[in-house]
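First the structure, in the form of C-alpha coordinates, and then the observations on it.
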Amino acid sequence: MFKKILIANRGEIALRVIIACRELGIKTVAVYSEADENSLHVRFADEDVCIGPARSADSYLNVPAIISAAEITGADAIHPGYGFLSESAYLAEVCEACHIRFIGPDPNVIKLMGDKSRARRAMKKAGLPMLPGSDGPIDGEEKALKIAKEIGYPVIVKAVAGGGGRGMRVVRSASELGNALRTAQREAEAAFGNGSVYIEKYLENPRHIEFQILGDHHGNVVHLGERECSIQRRHQKLVEESPSPALTDKVRRKMGSLVVDAARAVQYTNAGTFEFLMDGEGKFYFMEANTRLQVEHPVTEWVTGIDIVKEQIRIAAGERLSFKQSEVTFSGHSIECRINAEDPDTFAPSPGVIHAFSVPGGPGVRVDTFAHAECTVSPYYDSMIAKIIVHGRDRAEAIARMRRTLEMTVVEGIKTSVPLHLRILAEKDFAAGKLSTGFMDRFATAPKGSSVSEKTA
Ligand code: ADP
(Lines give C-alpha, C1' and ligand atoms only; values in the text may rest on other atoms or scores of the structure.)
Protein backbone atom coordinates (compact mmCIF):
# COMPACT_ATOMS: atom_id res chain seq x y z
CA MET A 1 0.00 0.00 0.00
CA PHE A 2 1.07 3.60 -0.60
CA LYS A 3 2.78 5.45 2.24
CA LYS A 4 2.11 8.98 1.02
CA ILE A 5 -0.39 10.41 -1.47
CA LEU A 6 -0.23 13.86 -3.02
CA ILE A 7 -3.62 15.37 -3.78
CA ALA A 8 -3.51 17.48 -6.94
CA ASN A 9 -6.65 19.44 -6.15
CA ARG A 10 -8.29 21.86 -3.75
CA GLY A 11 -11.57 22.45 -1.93
CA GLU A 12 -13.97 19.79 -0.76
CA ILE A 13 -12.58 17.04 -2.99
CA ALA A 14 -9.03 17.50 -1.65
CA LEU A 15 -10.51 17.12 1.85
CA ARG A 16 -12.51 14.07 0.75
CA VAL A 17 -9.31 12.35 -0.41
CA ILE A 18 -7.51 13.31 2.82
CA ILE A 19 -10.35 11.70 4.78
CA ALA A 20 -9.94 8.42 2.87
CA CYS A 21 -6.14 8.50 3.33
CA ARG A 22 -6.45 9.11 7.08
CA GLU A 23 -8.76 6.14 7.44
CA LEU A 24 -6.29 4.00 5.48
CA GLY A 25 -3.31 5.24 7.52
CA ILE A 26 -1.69 6.93 4.49
CA LYS A 27 0.15 10.25 4.83
CA THR A 28 -0.99 13.14 2.64
CA VAL A 29 0.56 16.05 0.77
CA ALA A 30 -1.58 19.07 -0.10
CA VAL A 31 -0.67 21.36 -2.97
CA TYR A 32 -2.11 24.85 -2.99
CA SER A 33 -2.15 28.11 -4.88
CA GLU A 34 -1.30 31.43 -3.21
CA ALA A 35 -5.06 32.05 -2.91
CA ASP A 36 -5.58 28.87 -0.89
CA GLU A 37 -2.88 29.18 1.76
CA ASN A 38 -5.40 29.19 4.61
CA SER A 39 -7.63 26.40 3.25
CA LEU A 40 -8.69 23.38 5.25
CA HIS A 41 -7.07 20.95 2.80
CA VAL A 42 -3.72 22.58 3.61
CA ARG A 43 -4.42 22.47 7.34
CA PHE A 44 -5.37 18.79 7.41
CA ALA A 45 -2.69 17.38 5.10
CA ASP A 46 0.51 16.10 6.71
CA GLU A 47 2.63 18.19 4.36
CA ASP A 48 1.90 21.02 1.96
CA VAL A 49 3.58 22.66 -1.00
CA CYS A 50 2.69 25.96 -2.67
CA ILE A 51 2.62 25.36 -6.43
CA GLY A 52 1.99 28.83 -7.80
CA PRO A 53 -0.25 31.88 -8.06
CA ALA A 54 -4.05 31.88 -7.84
CA ARG A 55 -4.72 31.37 -11.55
CA SER A 56 -5.38 27.63 -12.13
CA ALA A 57 -3.19 27.57 -15.24
CA ASP A 58 -0.25 28.59 -13.04
CA SER A 59 -0.98 26.27 -10.12
CA TYR A 60 -3.55 23.45 -10.11
CA LEU A 61 -2.98 22.82 -13.85
CA ASN A 62 0.80 23.13 -13.61
CA VAL A 63 2.09 19.59 -14.17
CA PRO A 64 5.82 20.31 -13.60
CA ALA A 65 5.04 22.07 -10.29
CA ILE A 66 2.84 19.19 -9.12
CA ILE A 67 5.35 16.50 -10.10
CA SER A 68 8.14 18.46 -8.37
CA ALA A 69 6.00 18.68 -5.23
CA ALA A 70 5.52 14.91 -5.32
CA GLU A 71 9.23 14.30 -5.78
CA ILE A 72 10.31 16.73 -3.05
CA THR A 73 7.92 15.19 -0.53
CA GLY A 74 8.51 11.59 -1.64
CA ALA A 75 4.85 10.91 -2.44
CA ASP A 76 4.34 7.54 -4.12
CA ALA A 77 0.98 8.32 -5.72
CA ILE A 78 -1.11 11.27 -6.93
CA HIS A 79 -4.88 11.51 -6.58
CA PRO A 80 -6.23 14.11 -9.04
CA GLY A 81 -9.78 14.50 -7.62
CA TYR A 82 -12.20 15.82 -10.26
CA GLY A 83 -11.80 18.78 -12.62
CA PHE A 84 -8.32 20.31 -13.10
CA LEU A 85 -5.94 17.50 -14.22
CA SER A 86 -8.20 14.57 -13.33
CA GLU A 87 -8.68 13.59 -16.97
CA SER A 88 -5.22 14.51 -18.16
CA ALA A 89 -3.58 11.57 -19.91
CA TYR A 90 -0.46 13.74 -19.94
CA LEU A 91 -0.29 13.89 -16.12
CA ALA A 92 -0.91 10.12 -15.99
CA GLU A 93 1.96 9.56 -18.45
CA VAL A 94 4.37 11.86 -16.64
CA CYS A 95 3.51 10.08 -13.38
CA GLU A 96 4.30 6.75 -15.00
CA ALA A 97 7.64 8.06 -16.29
CA CYS A 98 8.50 9.38 -12.81
CA HIS A 99 7.47 6.16 -11.04
CA ILE A 100 4.63 7.88 -9.24
CA ARG A 101 1.31 6.03 -9.34
CA PHE A 102 -1.55 7.99 -10.92
CA ILE A 103 -4.79 7.11 -9.13
CA GLY A 104 -7.02 6.63 -12.16
CA PRO A 105 -7.25 4.58 -15.35
CA ASP A 106 -4.42 3.88 -17.76
CA PRO A 107 -3.39 6.91 -19.91
CA ASN A 108 -4.62 5.11 -23.06
CA VAL A 109 -8.10 4.70 -21.61
CA ILE A 110 -8.13 8.35 -20.48
CA LYS A 111 -7.18 9.38 -24.04
CA LEU A 112 -9.82 7.17 -25.61
CA MET A 113 -12.65 8.47 -23.41
CA GLY A 114 -11.34 12.04 -23.58
CA ASP A 115 -12.07 12.04 -27.30
CA LYS A 116 -15.84 11.77 -27.15
CA SER A 117 -16.14 10.89 -30.81
CA ARG A 118 -13.62 8.02 -30.55
CA ALA A 119 -15.25 6.93 -27.30
CA ARG A 120 -18.60 6.74 -29.12
CA ARG A 121 -17.14 4.40 -31.74
CA ALA A 122 -15.39 2.22 -29.17
CA MET A 123 -18.43 1.95 -26.94
CA LYS A 124 -20.72 1.20 -29.87
CA LYS A 125 -18.38 -1.63 -30.83
CA ALA A 126 -18.43 -2.81 -27.21
CA GLY A 127 -22.22 -3.10 -27.35
CA LEU A 128 -23.57 0.09 -25.78
CA PRO A 129 -26.69 1.64 -27.36
CA MET A 130 -25.90 4.89 -29.15
CA LEU A 131 -27.79 7.90 -30.50
CA PRO A 132 -27.48 8.25 -34.26
CA GLY A 133 -24.71 10.68 -35.15
CA SER A 134 -21.49 11.29 -37.01
CA ASP A 135 -18.93 8.49 -36.92
CA GLY A 136 -16.10 10.90 -36.30
CA PRO A 137 -15.34 14.61 -36.12
CA ILE A 138 -17.12 16.80 -38.70
CA ASP A 139 -14.82 18.49 -41.18
CA GLY A 140 -17.08 20.81 -43.10
CA GLU A 141 -20.55 22.30 -43.32
CA GLU A 142 -21.58 20.14 -46.26
CA LYS A 143 -20.82 16.90 -44.47
CA ALA A 144 -22.59 18.23 -41.38
CA LEU A 145 -25.71 19.08 -43.40
CA LYS A 146 -25.75 15.63 -44.95
CA ILE A 147 -25.44 13.83 -41.59
CA ALA A 148 -27.98 16.08 -39.89
CA LYS A 149 -30.45 15.40 -42.70
CA GLU A 150 -29.92 11.67 -42.32
CA ILE A 151 -30.49 11.60 -38.55
CA GLY A 152 -33.19 14.29 -38.61
CA TYR A 153 -33.44 17.57 -36.68
CA PRO A 154 -33.03 18.55 -33.89
CA VAL A 155 -29.35 17.63 -33.65
CA ILE A 156 -26.66 18.70 -31.21
CA VAL A 157 -23.14 19.78 -32.15
CA LYS A 158 -20.69 18.73 -29.42
CA ALA A 159 -17.00 19.26 -28.76
CA VAL A 160 -14.89 16.13 -29.17
CA ALA A 161 -12.85 17.28 -26.17
CA GLY A 162 -15.98 18.55 -24.35
CA GLY A 163 -16.59 18.86 -20.64
CA GLY A 164 -18.56 21.01 -18.23
CA GLY A 165 -21.34 21.51 -20.77
CA ARG A 166 -19.20 23.78 -22.97
CA GLY A 167 -18.91 23.69 -26.76
CA MET A 168 -22.44 22.34 -27.30
CA ARG A 169 -25.09 23.78 -29.65
CA VAL A 170 -28.61 22.52 -30.31
CA VAL A 171 -29.65 22.91 -33.94
CA ARG A 172 -33.31 22.76 -34.95
CA SER A 173 -33.09 23.35 -38.71
CA ALA A 174 -30.60 23.23 -41.58
CA SER A 175 -30.45 27.03 -41.75
CA GLU A 176 -28.98 27.18 -38.23
CA LEU A 177 -26.38 24.47 -38.71
CA GLY A 178 -23.53 26.46 -40.29
CA ASN A 179 -23.55 29.09 -37.58
CA ALA A 180 -23.87 26.56 -34.76
CA LEU A 181 -20.97 24.58 -36.16
CA ARG A 182 -18.72 27.62 -36.25
CA THR A 183 -19.73 28.82 -32.76
CA ALA A 184 -19.25 25.37 -31.23
CA GLN A 185 -15.86 25.03 -32.93
CA ARG A 186 -14.76 28.43 -31.67
CA GLU A 187 -15.99 27.74 -28.15
CA ALA A 188 -14.30 24.33 -28.11
CA GLU A 189 -11.03 25.78 -29.41
CA ALA A 190 -11.07 28.45 -26.69
CA ALA A 191 -12.06 26.10 -23.86
CA PHE A 192 -10.11 22.95 -24.76
CA GLY A 193 -7.52 24.03 -27.33
CA ASN A 194 -9.23 21.59 -29.72
CA GLY A 195 -11.93 22.84 -32.08
CA SER A 196 -13.11 19.39 -33.31
CA VAL A 197 -16.83 18.78 -33.05
CA TYR A 198 -19.23 15.93 -33.83
CA ILE A 199 -22.98 15.66 -34.28
CA GLU A 200 -25.59 13.49 -32.65
CA LYS A 201 -29.35 13.35 -32.47
CA TYR A 202 -30.75 15.78 -29.88
CA LEU A 203 -33.27 14.27 -27.46
CA GLU A 204 -35.96 16.56 -26.05
CA ASN A 205 -36.19 16.44 -22.25
CA PRO A 206 -34.37 13.17 -21.61
CA ARG A 207 -33.21 11.89 -18.27
CA HIS A 208 -29.49 11.86 -17.50
CA ILE A 209 -28.65 8.51 -15.94
CA GLU A 210 -25.10 7.34 -15.26
CA PHE A 211 -23.53 4.13 -13.99
CA GLN A 212 -20.61 4.03 -11.54
CA ILE A 213 -18.07 1.30 -12.12
CA LEU A 214 -14.89 0.07 -10.46
CA GLY A 215 -12.30 -2.11 -12.16
CA ASP A 216 -9.13 -3.58 -10.67
CA HIS A 217 -5.89 -4.64 -12.39
CA HIS A 218 -6.86 -8.32 -12.19
CA GLY A 219 -9.73 -8.25 -14.65
CA ASN A 220 -12.54 -7.68 -12.13
CA VAL A 221 -15.13 -5.03 -12.98
CA VAL A 222 -18.29 -4.25 -10.99
CA HIS A 223 -20.96 -1.59 -11.22
CA LEU A 224 -22.35 0.27 -8.22
CA GLY A 225 -25.72 1.07 -9.74
CA GLU A 226 -26.86 4.33 -11.22
CA ARG A 227 -27.27 7.99 -10.38
CA GLU A 228 -29.92 10.20 -11.88
CA CYS A 229 -28.58 13.70 -12.62
CA SER A 230 -31.42 15.17 -14.68
CA ILE A 231 -31.72 18.37 -12.67
CA GLN A 232 -29.26 20.56 -14.57
CA ARG A 233 -28.77 24.16 -15.50
CA ARG A 234 -26.86 24.85 -18.71
CA HIS A 235 -25.91 21.15 -18.83
CA GLN A 236 -24.37 21.41 -15.34
CA LYS A 237 -25.73 19.13 -12.64
CA LEU A 238 -27.46 20.67 -9.61
CA VAL A 239 -29.15 17.74 -7.87
CA GLU A 240 -28.23 14.06 -8.09
CA GLU A 241 -29.76 10.97 -6.61
CA SER A 242 -29.46 7.24 -6.36
CA PRO A 243 -31.36 5.14 -7.25
CA SER A 244 -33.07 6.79 -10.20
CA PRO A 245 -36.85 6.90 -9.65
CA ALA A 246 -37.16 5.75 -13.29
CA LEU A 247 -35.29 2.44 -13.05
CA THR A 248 -36.52 -1.02 -12.13
CA ASP A 249 -34.21 -3.69 -10.67
CA LYS A 250 -34.40 -5.52 -13.95
CA VAL A 251 -33.28 -2.53 -16.04
CA ARG A 252 -30.53 -1.73 -13.49
CA ARG A 253 -29.17 -5.25 -13.79
CA LYS A 254 -29.36 -5.21 -17.58
CA MET A 255 -27.75 -1.79 -18.03
CA GLY A 256 -25.22 -2.49 -15.28
CA SER A 257 -24.04 -5.65 -16.98
CA LEU A 258 -23.83 -3.93 -20.40
CA VAL A 259 -21.65 -1.22 -18.85
CA VAL A 260 -19.42 -3.74 -17.09
CA ASP A 261 -18.90 -5.61 -20.38
CA ALA A 262 -18.09 -2.36 -22.22
CA ALA A 263 -15.59 -1.37 -19.52
CA ARG A 264 -13.97 -4.80 -19.75
CA ALA A 265 -13.69 -4.45 -23.52
CA VAL A 266 -11.34 -1.46 -23.09
CA GLN A 267 -9.58 -2.93 -20.01
CA TYR A 268 -10.94 -0.15 -17.84
CA THR A 269 -9.36 0.14 -14.41
CA ASN A 270 -10.09 2.29 -11.33
CA ALA A 271 -13.31 4.33 -10.97
CA GLY A 272 -15.36 5.46 -13.93
CA THR A 273 -18.77 6.78 -14.84
CA PHE A 274 -20.67 5.86 -17.97
CA GLU A 275 -23.21 8.54 -18.78
CA PHE A 276 -26.43 7.87 -20.68
CA LEU A 277 -29.50 9.75 -21.80
CA MET A 278 -32.82 7.96 -21.36
CA ASP A 279 -35.77 8.87 -23.58
CA GLY A 280 -39.47 8.90 -22.72
CA GLU A 281 -39.81 5.24 -23.67
CA GLY A 282 -37.09 4.14 -21.29
CA LYS A 283 -34.46 3.61 -24.02
CA PHE A 284 -30.82 4.30 -23.09
CA TYR A 285 -28.16 5.97 -25.21
CA PHE A 286 -24.48 6.19 -24.27
CA MET A 287 -23.18 9.76 -24.09
CA GLU A 288 -19.68 9.70 -22.60
CA ALA A 289 -17.50 8.05 -19.97
CA ASN A 290 -15.72 10.08 -17.30
CA THR A 291 -12.41 8.55 -16.25
CA ARG A 292 -12.35 10.01 -12.75
CA LEU A 293 -14.16 10.39 -9.46
CA GLN A 294 -17.40 12.38 -9.94
CA VAL A 295 -18.71 15.24 -7.80
CA GLU A 296 -21.83 13.18 -7.10
CA HIS A 297 -20.06 9.99 -5.93
CA PRO A 298 -21.39 10.30 -2.34
CA VAL A 299 -24.95 9.28 -3.26
CA THR A 300 -23.59 5.99 -4.59
CA GLU A 301 -21.41 5.56 -1.51
CA TRP A 302 -24.44 5.98 0.68
CA VAL A 303 -26.76 3.48 -1.00
CA THR A 304 -24.00 0.85 -1.46
CA GLY A 305 -21.93 1.41 1.70
CA ILE A 306 -18.79 1.37 -0.48
CA ASP A 307 -16.15 4.08 -0.03
CA ILE A 308 -15.29 4.84 -3.66
CA VAL A 309 -12.18 6.90 -2.87
CA LYS A 310 -10.69 4.14 -0.72
CA GLU A 311 -11.44 1.65 -3.48
CA GLN A 312 -9.67 3.91 -6.00
CA ILE A 313 -6.59 3.96 -3.79
CA ARG A 314 -6.63 0.20 -3.17
CA ILE A 315 -7.06 -0.50 -6.89
CA ALA A 316 -4.19 1.83 -7.83
CA ALA A 317 -2.00 0.05 -5.29
CA GLY A 318 -2.68 -3.22 -7.14
CA GLU A 319 -5.16 -4.78 -4.73
CA ARG A 320 -8.03 -6.92 -5.93
CA LEU A 321 -11.59 -5.69 -5.53
CA SER A 322 -12.66 -7.13 -2.19
CA PHE A 323 -16.25 -7.79 -3.31
CA LYS A 324 -18.11 -9.37 -6.20
CA GLN A 325 -21.03 -7.94 -8.15
CA SER A 326 -23.43 -10.19 -6.23
CA GLU A 327 -22.19 -8.63 -2.98
CA VAL A 328 -23.05 -5.09 -4.07
CA THR A 329 -26.43 -4.29 -2.53
CA PHE A 330 -28.48 -1.11 -2.58
CA SER A 331 -30.23 0.30 0.44
CA GLY A 332 -32.56 3.30 0.75
CA HIS A 333 -32.36 6.51 -1.23
CA SER A 334 -29.73 9.25 -1.35
CA ILE A 335 -29.91 12.80 -2.75
CA GLU A 336 -27.17 15.41 -3.19
CA CYS A 337 -27.61 19.17 -3.63
CA ARG A 338 -24.66 21.16 -4.94
CA ILE A 339 -24.51 24.42 -3.02
CA ASN A 340 -22.95 27.13 -5.15
CA ALA A 341 -21.80 30.62 -4.22
CA GLU A 342 -24.18 32.36 -6.60
CA ASP A 343 -27.29 34.47 -6.71
CA PRO A 344 -30.21 31.98 -6.64
CA ASP A 345 -32.25 34.09 -9.07
CA THR A 346 -29.73 35.47 -11.55
CA PHE A 347 -27.06 32.77 -11.09
CA ALA A 348 -24.39 35.49 -10.96
CA PRO A 349 -21.31 34.27 -9.04
CA SER A 350 -21.12 35.50 -5.45
CA PRO A 351 -17.56 35.11 -4.17
CA GLY A 352 -16.45 36.76 -0.92
CA VAL A 353 -15.96 36.06 2.76
CA ILE A 354 -18.39 33.71 4.50
CA HIS A 355 -19.15 35.17 7.95
CA ALA A 356 -21.30 32.37 9.33
CA PHE A 357 -21.59 28.80 8.13
CA SER A 358 -23.69 26.08 9.69
CA VAL A 359 -25.40 23.00 8.30
CA PRO A 360 -27.41 20.95 10.80
CA GLY A 361 -26.48 17.30 11.05
CA GLY A 362 -28.98 14.81 12.40
CA PRO A 363 -29.79 11.37 11.05
CA GLY A 364 -28.91 10.75 7.43
CA VAL A 365 -27.01 13.96 6.63
CA ARG A 366 -23.49 14.24 5.17
CA VAL A 367 -21.80 17.52 4.30
CA ASP A 368 -18.70 17.57 2.09
CA THR A 369 -17.31 21.10 2.17
CA PHE A 370 -14.26 23.28 2.58
CA ALA A 371 -16.38 26.13 3.91
CA HIS A 372 -16.31 27.49 7.45
CA ALA A 373 -16.89 30.84 9.13
CA GLU A 374 -14.47 33.55 7.93
CA CYS A 375 -13.25 31.52 4.98
CA THR A 376 -12.94 33.16 1.58
CA VAL A 377 -14.73 31.89 -1.50
CA SER A 378 -12.26 32.77 -4.23
CA PRO A 379 -13.44 34.11 -7.59
CA TYR A 380 -10.67 32.10 -9.27
CA TYR A 381 -12.27 28.69 -8.92
CA ASP A 382 -15.51 26.75 -9.29
CA SER A 383 -18.41 28.26 -7.37
CA MET A 384 -19.41 25.08 -5.55
CA ILE A 385 -18.87 25.58 -1.80
CA ALA A 386 -20.57 22.50 -0.37
CA LYS A 387 -22.35 19.30 -1.17
CA ILE A 388 -25.22 18.39 1.10
CA ILE A 389 -26.03 14.71 0.86
CA VAL A 390 -28.90 12.97 2.62
CA HIS A 391 -30.05 9.39 2.93
CA GLY A 392 -33.49 8.10 3.77
CA ARG A 393 -35.19 4.73 3.87
CA ASP A 394 -37.05 5.81 0.75
CA ARG A 395 -37.15 8.77 -1.63
CA ALA A 396 -39.88 10.62 0.27
CA GLU A 397 -37.87 10.48 3.50
CA ALA A 398 -34.73 11.63 1.67
CA ILE A 399 -36.60 14.62 0.21
CA ALA A 400 -38.06 15.61 3.60
CA ARG A 401 -34.60 15.29 5.12
CA MET A 402 -33.01 17.46 2.45
CA ARG A 403 -35.69 20.13 2.88
CA ARG A 404 -35.26 20.41 6.63
CA THR A 405 -31.48 20.45 6.24
CA LEU A 406 -31.57 23.24 3.67
CA GLU A 407 -34.13 25.21 5.70
CA MET A 408 -31.77 25.14 8.69
CA THR A 409 -28.60 25.88 6.70
CA VAL A 410 -27.01 29.23 7.52
CA VAL A 411 -24.54 30.86 5.14
CA GLU A 412 -23.93 34.55 5.77
CA GLY A 413 -21.76 36.94 3.78
CA ILE A 414 -22.30 35.52 0.31
CA LYS A 415 -25.35 34.44 -1.70
CA THR A 416 -25.91 30.74 -2.28
CA SER A 417 -28.11 28.43 -4.31
CA VAL A 418 -29.85 27.11 -1.15
CA PRO A 419 -33.15 28.95 -1.91
CA LEU A 420 -33.10 27.60 -5.47
CA HIS A 421 -32.72 24.05 -4.16
CA LEU A 422 -35.69 24.57 -1.85
CA ARG A 423 -37.76 25.67 -4.83
CA ILE A 424 -36.70 22.60 -6.78
CA LEU A 425 -37.60 20.29 -3.89
CA ALA A 426 -40.98 21.97 -3.50
CA GLU A 427 -41.99 21.16 -7.09
CA LYS A 428 -44.71 18.53 -7.47
CA ASP A 429 -42.85 16.98 -10.39
CA PHE A 430 -39.74 16.58 -8.27
CA ALA A 431 -41.69 14.80 -5.54
CA ALA A 432 -43.30 12.59 -8.19
CA GLY A 433 -39.89 11.72 -9.66
CA LYS A 434 -40.87 13.28 -12.99
CA LEU A 435 -37.40 14.52 -13.86
CA SER A 436 -35.75 15.57 -17.12
CA THR A 437 -32.89 17.75 -18.27
CA GLY A 438 -35.56 20.34 -19.17
CA PHE A 439 -36.80 20.49 -15.54
CA MET A 440 -35.03 23.77 -14.76
CA ASP A 441 -36.60 25.63 -17.70
CA ARG A 442 -39.55 26.47 -15.44
CA PHE A 443 -37.21 28.56 -13.23
CA ALA A 444 -35.81 30.64 -16.07
CA THR A 445 -38.00 33.59 -15.13
CA ALA A 446 -38.70 32.68 -11.50
CA PRO A 447 -39.82 35.77 -9.56
CA LYS A 448 -37.33 37.00 -7.00
CA GLY A 449 -37.65 35.55 -3.55
CA SER A 450 -40.80 33.56 -4.51
CA SER A 451 -41.85 31.15 -1.80
CA VAL A 452 -38.58 30.74 0.05
CA SER A 453 -37.33 32.80 2.95
CA GLU A 454 -34.17 34.76 2.12
CA LYS A 455 -32.94 34.09 5.67
CA THR A 456 -31.70 30.64 4.80
CA ALA A 457 -28.89 31.88 2.55
P1 ADP B 1 -20.11 17.45 -20.82
O2 ADP B 1 -18.98 16.48 -20.97
O3 ADP B 1 -19.78 18.82 -21.31
O4 ADP B 1 -20.73 17.41 -19.46
P5 ADP B 1 -22.14 15.63 -21.87
O6 ADP B 1 -21.94 14.91 -23.16
O7 ADP B 1 -21.91 14.86 -20.61
O8 ADP B 1 -21.21 16.95 -21.86
O9 ADP B 1 -23.57 16.27 -21.83
C10 ADP B 1 -23.98 17.10 -20.77
C11 ADP B 1 -25.47 17.33 -20.82
O12 ADP B 1 -25.85 17.90 -22.09
C13 ADP B 1 -26.33 16.08 -20.70
O14 ADP B 1 -26.52 15.69 -19.37
C15 ADP B 1 -27.61 16.54 -21.37
O16 ADP B 1 -28.37 17.35 -20.51
C17 ADP B 1 -27.12 17.42 -22.50
N18 ADP B 1 -26.96 16.62 -23.74
C19 ADP B 1 -25.82 16.13 -24.28
N20 ADP B 1 -26.06 15.44 -25.42
C21 ADP B 1 -27.39 15.47 -25.63
C22 ADP B 1 -28.27 14.95 -26.64
N23 ADP B 1 -27.82 14.23 -27.65
N24 ADP B 1 -29.60 15.19 -26.51
C25 ADP B 1 -30.09 15.92 -25.47
N26 ADP B 1 -29.32 16.44 -24.50
C27 ADP B 1 -27.97 16.23 -24.56
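Just follow the structure's listing: the first ligand is 1, and inside any ligand the first atom is 1. No hydrogens, no waters, no symmetry mates; every other heavy atom, side chains included, goes into these values. Everything numeric in this text was worked out from a predicted model, so none of it was measured.
By the 4.5 Å heavy-atom criterion applied to side chains, L85 and V63 are counted as neighbours. By the 4.5 Å heavy-atom criterion applied to side chains, F84 and Y381 are counted as neighbours. Between F439 and E427 there is a side-chain heavy-atom pair separated by less than 4.5 Å.
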Indicate every side-chain donor-acceptor pair of residues 140-157 with a distance under 3.5 Å to a residue at least two apart or in another chain.
from: E141; atom 1: OE1; to: R182; atom 2: NH1; distance (Å): 3.2

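Every residue two or more places apart in sequence or in another chain that forms a side chain to side chain contact (heavy atoms under 4.5 Å, CB included) with R101 is listed here: F2, A77, A316. By the salt bridge (charged side-chain N to carboxylate O under 4.0 Å, His left out) test, E397 pairs with R393, R401, sequence neighbours left out.
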Show the short N or O contacts, below 3.5 Å, that ligand 1 makes with protein N or O atoms; if there are none, say 'none'.
from: ligand 1; atom 1: 2 (O); to: K116; atom 2: NZ; distance (Å): 3.1
from: ligand 1; atom 1: 2 (O); to: E288; atom 2: OE1; distance (Å): 3.3
from: ligand 1; atom 1: 2 (O); to: E288; atom 2: OE2; distance (Å): 2.7
from: ligand 1; atom 1: 3 (O); to: G163; atom 2: N; distance (Å): 3.4
from: ligand 1; atom 1: 3 (O); to: G164; atom 2: N; distance (Å): 3.2
from: ligand 1; atom 1: 3 (O); to: G165; atom 2: N; distance (Å): 2.6
from: ligand 1; atom 1: 6 (O); to: K116; atom 2: NZ; distance (Å): 3.1
from: ligand 1; atom 1: 6 (O); to: K158; atom 2: NZ; distance (Å): 3.1
from: ligand 1; atom 1: 7 (O); to: E275; atom 2: OE1; distance (Å): 2.9
from: ligand 1; atom 1: 7 (O); to: E288; atom 2: OE2; distance (Å): 2.6
from: ligand 1; atom 1: 8 (O); to: K116; atom 2: NZ; distance (Å): 3.2
from: ligand 1; atom 1: 12 (O); to: H235; atom 2: ND1; distance (Å): 3.1
from: ligand 1; atom 1: 14 (O); to: H208; atom 2: ND1; distance (Å): 2.8
from: ligand 1; atom 1: 14 (O); to: Q232; atom 2: OE1; distance (Å): 3.4
from: ligand 1; atom 1: 14 (O); to: Q232; atom 2: NE2; distance (Å): 2.7
from: ligand 1; atom 1: 16 (O); to: Q232; atom 2: OE1; distance (Å): 2.7
from: ligand 1; atom 1: 20 (N); to: K158; atom 2: NZ; distance (Å): 2.9
from: ligand 1; atom 1: 20 (N); to: E200; atom 2: OE2; distance (Å): 3.4
from: ligand 1; atom 1: 23 (N); to: E200; atom 2: OE2; distance (Å): 2.9
from: ligand 1; atom 1: 23 (N); to: K201; atom 2: O; distance (Å): 2.8
from: ligand 1; atom 1: 24 (N); to: L203; atom 2: N; distance (Å): 2.9

